[in-house]
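Quick note: numbers below take in every heavy atom, side chains included, and nothing from hydrogens, waters or symmetry partners. Every chain is numbered from 1 and lettered A, B, ... according to where its sequence line falls, protein lines coming before strand lines. It should be emphasised that the depicted structure is a prediction, and the values quoted were computed from it without experimental measurement.
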Amino acid sequence: MRYNALSVIKNGLRGNIDWTRAWRDPEPKPAYDVIVIGGGGHGLATAYYLAKNHGVKNVAVIEKGWLGGGNAGRNTTIVRSNYMMPGNREFYSFSLKLWEDLSHELNYNVMFSQRAHINLVFSPAQRDALARRYNTMLLDGDDGEWWDRDRLKKRVPHLNMDGRYPIEGAYVQPRAGTARHDAVNWGYARAADALGVDILQNTEVTGFVRKAGRIVGVETNRGEIRAEKIGMAVAGHTSTLAAKAGLGKLPIESHVLQAYVSEPLKPFLDAVVVFGVGHGHFYISQSDKGGLVFGGDLDMHNSYAQAGTLPRYTDVMGCAMNILPATGRIKLLRQWGGVMDMSMDGSPFIDRTEIPGLYLNAGWCYGGFKATPASGWCFAHTIARDEPHEANARLTLSRYREGRQIDETGGGPVPNHH
Amino acid sequence: MLRIPCPFCGLRDHAEFDYEGDATVTYPPLDAPEDAWFEAVFLRENPRGRHREYWRHTQGCGAYLIVERDVTTHEIFGAELAHPGMASAMEGAA
Ligand SMILES: Cc1cc2nc3c(=O)[nH]c(=O)nc-3n(C[C@H](O)[C@H](O)[C@H](O)COP(=O)(O)OP(=O)(O)OC[C@H]3O[C@@H](n4cnc5c(N)ncnc54)[C@H](O)[C@@H]3O)c2cc1C
Ligand SMILES: [Zn+2]
């Protein structure tokens, strides 16, 4: 069923009883051409683009829980492309372009809102570093602007301009913003399903089926399922699953990142505001339901727990009070954590592996939501054609051995520095 | 809140400590082949379960500790001084 304004009105008048399921709940087939493990945004987008761009429609997405139960439904939904390093630059720039047409592409409103991403600047050194970054973006055809204090104050009237860290201005990407994360997952799921993709929820991959050095299938709690090619897109659970596949150790550590949502408010903030000074790190936006959605740094210690600890919580609240003191009396409604696949240089990999038939998509750190469309596009390309798309040609797994790390922050080979 | 039993200071909140990474990594000799260095610098076991890791009691005695912790349940099985000389001196004192 195609969604449009007319169908909303018609169904509304009929009491909304005629809507059909957005995607099927099929029984697993014994075999597929491609299996994608992980029903987060990346896995679902990969399945969609396999069917749409490459005509590979005999595809299953295997998800151990429910769609969007992982990071795809736990993130703070910031979408931007203010990356500088070759590798990330072309990839995130491509992703932002895909976002701009995503609702039409999927016939599903993903509520992509280009409300501007405002990176606050507190010192001349920070301004210089960001000038270099945003000029690099401009050279590449992306957008970026310097906003002085007056312009900033007009747009974000509640900012504490002269607090503990006086604000000098901001570097801004106007085309950046937020999207509704669940809608992205559901939109890709529905569009992939319509092209014939089987989405298998509550199906956990517990092992791999091997034949003559190749991986030819997966073992699951619903039985063995075969496929010629298998792609892994399991974010924070990559190391555990890779070990089962025999991939050996990877350049990843799993860490927990928390998110916080306040009670709903009237319009308060119509942009994404980011604060980073010293050890403080904080980002905030307001959702369409009115809640303030915000977060900060990792908890910093390795974790597979989808829940965070108190010190980071208090630190993030301190940051909120520092730049937006008006938030002080607002009640917090919800808080949770997600397990991040922190890579050794802070950048992802979308690549083939040394095991024939097995493909790997991981290392998203805490910036993989914005990557969803391009990640799916490039992973589908890599799986279907056995070679990378130009946007993921540098996002290889071998780059660490070759000394070609894509280290955007200069943090070194320490996962929690990125 | 995790609580880490520092051998010097006793049971302390983990907010007093800095996490310093995987303690199972051993760095090879300087002239070791590149492969050994690649593995030590870039590859991690990243287990879902018991993990040996360094924590520094930055806001306490300052010592580097090796803590064994379950990274899913956060259960802490013990902490010892990372420096073998310090560890044996502590044993002598006890
Ligand atoms: C608190 C928080 C804030 C964030 N904020 C942002 C942000 O503002 N902007 C941004 O760009 N990014 C952000 N991110 C990062 C982003 O959410 C992730 O990088 C991205 O969602 C990862 O890709 P995914 O959607 O495919 O992962 P996931 O949704 O985690 O998908 C992986 C799926 O694999 C499944 N799985 C695992 N093991 C198995 C198995 N054995 N068998 C079957 N299925 C399995 C899991 O259940 C899960 O559903 C944030 C993340 C968190 C946690
Ligand atoms: Zn101590």
Side-chain angles (χ1 to χ4, degrees), chain A residues 234-244 247-256 279 297-315 318 337 339-345 349 362-363 397-405 407 411-417, chain B residues 1-6 11-28 32-60 64-79 82:
Chain A
V234 295
H237 305 283
T238 301
S239 296
T240 332
L241 202 58
K244 287 183 180 149
L247 264 187
K249 293 192 275 185
L250 292 172
I252 298 181
E253 281 182 7
S254 295
H255 284 257
V256 63
H279 280 283
D297 257 333
L298 298 170
D299 276 25
M300 289 299 175
H301 45 271
N302 290 37
S303 179
Y304 279 88
Q306 288 189 134
T309 58
L310 188 63
R312 177 60 63 221
Y313 189 114
T314 47
D315 177 83
V339 184
M340 326 293 343
D341 36 340
M342 300 300 299
S343 72
M344 280 289 177
D345 58 357
F349 18 91
L397 198 51
S398 58
R399 68 175 182 264
Y400 302 94
R401 192 186 283 274
E402 294 158 359
R404 296 181 212 273
Q405 292 91 269
D407 188 342
V414 185
N416 61 4
H417 285 186
Chain B
M1 185 75 76
L2 320 184
R3 305 183 87 196
I4 296 176
C6 175
L11 198 60
R12 311 295 304 174
D13 286 344
H14 85 277
E16 291 180 7
F17 297 77
D18 281 319
Y19 183 72
E20 303 287 353
D22 192 329
T24 62
V25 177
T26 44
Y27 287 93
E34 228 170 72
D35 265 1
W37 273 101
F38 165 65
E39 182 168 343
V41 173
F42 289 113
L43 301 184
R44 294 292 174 266
E45 202 83 53
N46 193 24
R48 184 195 174 107
R50 281 193 182 220
H51 191 232
R52 276 172 72 77
E53 54 199 28
Y54 291 113
W55 289 79
R56 181 168 187 233
H57 198 183
T58 321
Q59 295 177 61
Y64 275 86
L65 310 180
I66 294 178
V67 175
E68 193 165 339
R69 176 177 62 100
D70 186 308
V71 297
T72 306
T73 63
H74 291 327
E75 185 179 350
I76 288 175
F77 303 100

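A donor-acceptor pair under 3.5 Å is absent between the side-chain atoms of B:R48 and the main chain of A:H237, judged by distance alone.
Taking each heavy atom of B:T72 and A:A305 in turn, the nearest pair found is O-CB, 3.4 Å. Residues A:N416 and B:Y19 come closest through the heavy atom pair ND2-CD2, 3.8 Å.
Both the backbone and the side chain of B:F42 come within less than 4.5 Å of a heavy atom in chain A. Looking at A:Q306, neither its backbone nor its side chain comes within 4.5 Å of chain B, counting heavy atoms on both sides. Only the backbone of A:L250 comes within contact range of chain B, judged by heavy atoms closer than 4.5 Å.
Chain A forms the most heavy-atom pairs under 4.5 Å with one residue out of B:D35, B:D70, B:D22, and that residue is B:D35. In terms of heavy-atom pairs under 4.5 Å with chain B, the best-connected choice from A:T238, A:I252, A:T240, A:L310 is A:I252. Counting heavy-atom pairs closer than 4.5 Å to chain B, the top residue among A:A243, A:S343, A:A307, A:P413 is A:P413.
To the nearest 0.5 Å, atoms CE (A:M300) and CD (B:E20) are separated by 11.0 Å. A distance of 15.0 Å separates CH2 in B:W37 from CZ in A:R401, rounded to the nearest 0.5 Å. The NE2 atom of B:H74 sits 6.5 Å away from the OG1 atom of A:T309 when rounded to the nearest 0.5 Å.
Taking the six-membered ring where the residue is Trp, the centroids of A:H301 and B:H51 are separated by 6.0 Å or more.
Counting heavy atoms from C-beta on, the side chains of B:H14 and A:P311 come closer than 4.5 Å.
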Apply the test side chain to side chain contact (heavy atoms under 4.5 Å, CB included) to residues B:V41 and A:M344: give CA-CA distance (whole Å), side-chain angles for both, the deciding distance (0.1 Å), then the verdict. CA-CA 9 Å; B:V41 173; A:M344 280 289 177; over 6 Å; no
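The 12-atom threshold is exceeded at CD of A:E402, counting heavy atoms of other residues, nucleotides or ligands nearer than 6.0 Å.
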